[in-house]
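All residue numbers refer to positions in the sequence shown, counting from 1. Numbering of ligands and ligand atoms starts at 1, following listing order.
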Amino acid sequence: MRVLITGAAGFLGSHLADRFLAEGHSVVGLDNFITGHADNIAHLFGHERFEFMRHDISNYTYVAGDLDGVLHFASPASPVDYLEWPIQTLKVGSLGTHNAVGIATHKKARFFLASTSEVYGDPLVHPQPESYWGNVNPVGPRGVYDEAKRFAEAMTMAYHTYHGVDTRIIRIFNTYGPRMRPRDGRVVSNFIVQALNGEPITLYGDGSQTRSFCYVDDEIDGIYKLFMHGDSTPTNIGNPVEYTVKQLAEIVVELTGTKSEIVHQPLPVDDPKVRQPDISKARATLGWEPQVDVREGVRRTIEYFCTLMGSARMSPRAS
Ligand code: UDP
């Protein structure tokens, strides 16, 4: 297969490019480097089955040659990032999805949308099955991401229904691991980098809010299986083991052996109180479930950041 991956220099996009290449496919990677970083794909330059385009998928995009798949992963994905780039976030979810699904239609390729657990908003149903419609504040600070992804899902489904495009929609739950930006603002990278630097660990609110953390290798495996064998209705892919954010802070403190103290900061507006995927559908239809528990995943991520910090690429909000 020859596939186009938008956001290929990002955290998930770059791991996905690795996976498709490892499976023997060819990859056209596309990224505008707003939140993606060339370091994530530096090892792929020169690979005979990898091509790269520096481009913003929210603008008209021409890709030469046949394609079998278009995987739309471009978007700021950390709450801190999408607050910094709210318009770009809305555009890449709406115009970017339109362009990406348009390319798939034109090339008669499968279209795969990276959607998110954020479509469930601050959920009133727990855990969240795919059938739940969500509880989203459209005009709150997170609305730019949540509503863009909800629009993207509607767009994907419309192309499936009206143009017969072969489509997939994944709802990704909190994923972490190597190639997250050290200061991208998300909780796992924040806590680990703070711990390794001996800085205070910033627990927002009282830390009783929950998340369910999926190690990147598990998430990529779920994405690949869904691309190959899934159906057109949305599928949750995430680790269903739920932790409070306070528990995560304690795990990071323990595994890094840091002397950093945990300090409390205000809870961001509309921060979801709970989040846990119901992965019954993925288990039944893909035979997929996560393999890496949070302690092992956090340990591997600590190793990654140790190496990165050793190579002096750390700076405030560095990309
Ligand atoms: N969080 C925190 N400290 C941080 C960063 C995040 O306590 O330094 C909390 C945040 O308020 C949320 C959870 O960790 O409850 C997950 O935040 P993240 O930004 O990783 O992603 P979200 O799941 O909110 O999209």
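- Inter-residue side-chain proximity for His47 and Val27 is flagged as unmet; no heavy-atom pair is nearer than 4.5 Å.
- Under 4.0 Å from ligand 1, the heavy atoms of Asn190 that appear belong solely to its side chain.
- By the 30° and 60° cut-offs, the orientation of the rings of Phe11 relative to His15 is perpendicular.
- Heavy-atom contacts of Asp271 reach the following atoms of ligand 1: 10 (C), 11 (O), 12 (C), 15 (O) (cutoff under 4.0 Å).
- At the top of the distance list for atom 24 (O) of ligand 1, counting protein heavy atoms only, stands Arg142 NH2, 2.9 Å.
- Within the cation-pi definition used here (under 6.0 Å to the ring centroid, within 45° of the axis), Arg110 qualifies as a partner of Phe227.
- Checked options Leu248, Val292, Asn239; the residue passing with Phe213 is Leu248 (criterion: side chain to side chain contact (heavy atoms under 4.5 Å, CB included)).
- Proximity to Leu203 (heavy-atom distance under 4.0 Å) selects the following atoms of ligand 1: 7 (O).
- Atoms of ligand 1 found under 4.0 Å from any heavy atom of Glu118 (numbered from 1 in listed order, with element): 25 (O).
- Ligand-side atoms of ligand 1 in range of Gln209: 9 (C), 11 (O), 15 (O), range being under 4.0 angstrom from any heavy atom.
- Under a 4.0 Å heavy-atom criterion, Gly185 is in contact with ligand 1.
- Heavy-atom proximity to atom 23 (O) of ligand 1, evaluated over Arg211, His264, Lys273, is greatest for Arg211.
- Ranking the protein heavy atoms by distance from atom 7 (O) of ligand 1 puts Tyr204 N, 2.8 Å first.
- No more than 12 heavy atoms of other residues, nucleotides or ligands shown are found within 6.0 angstrom of CD on Glu261.
- The protein non-hydrogen atom at the shortest distance from atom 13 (C) of ligand 1 is Val245 CG2, 3.8 Å.
- For the side chain to side chain donor-acceptor pair (under 3.5 Å) criterion with Tyr120, the lone passing option out of Arg171, Gln128, Glu130, Arg275 is Arg171.
- Using a 4.0 Å cut-off between heavy atoms, Pro268 contacts ligand 1 through its side chain alone, with no backbone atom that close.
- Considering only non-hydrogen atoms, atom 20 (O) of ligand 1 lies nearest to Val187 out of Asp146, Asp184, Val187.
- Counting heavy atoms from C-beta on, the side chains of Thr235 and Arg168 never come closer than 4.5 Å.
- A tilted orientation is assigned to the rings of Phe20 and His25, their planes being inclined by 30° to 60°.
- Close contacts between ligand 1 and Asn174 involve ligand atoms 21 (O), 22 (P), 23 (O) [criterion: under 4.0 Å to a heavy atom].
- Residue Thr202 touches ligand 1 through backbone and side chain together, judged by heavy-atom distances below 4.0 Å.
- For ligand 1, the atoms lying closer than 4.0 Å to a non-hydrogen atom of Arg275 are 22 (P), 23 (O), 25 (O).
- Here the side chains of Tyr204 and Pro268 are in contact, with some heavy-atom distance below 4.5 Å.
- Environment of NZ in Lys107: crowded, with over 12 heavy atoms of neighbouring residues, nucleotides or ligands closer than 6.0 Å.
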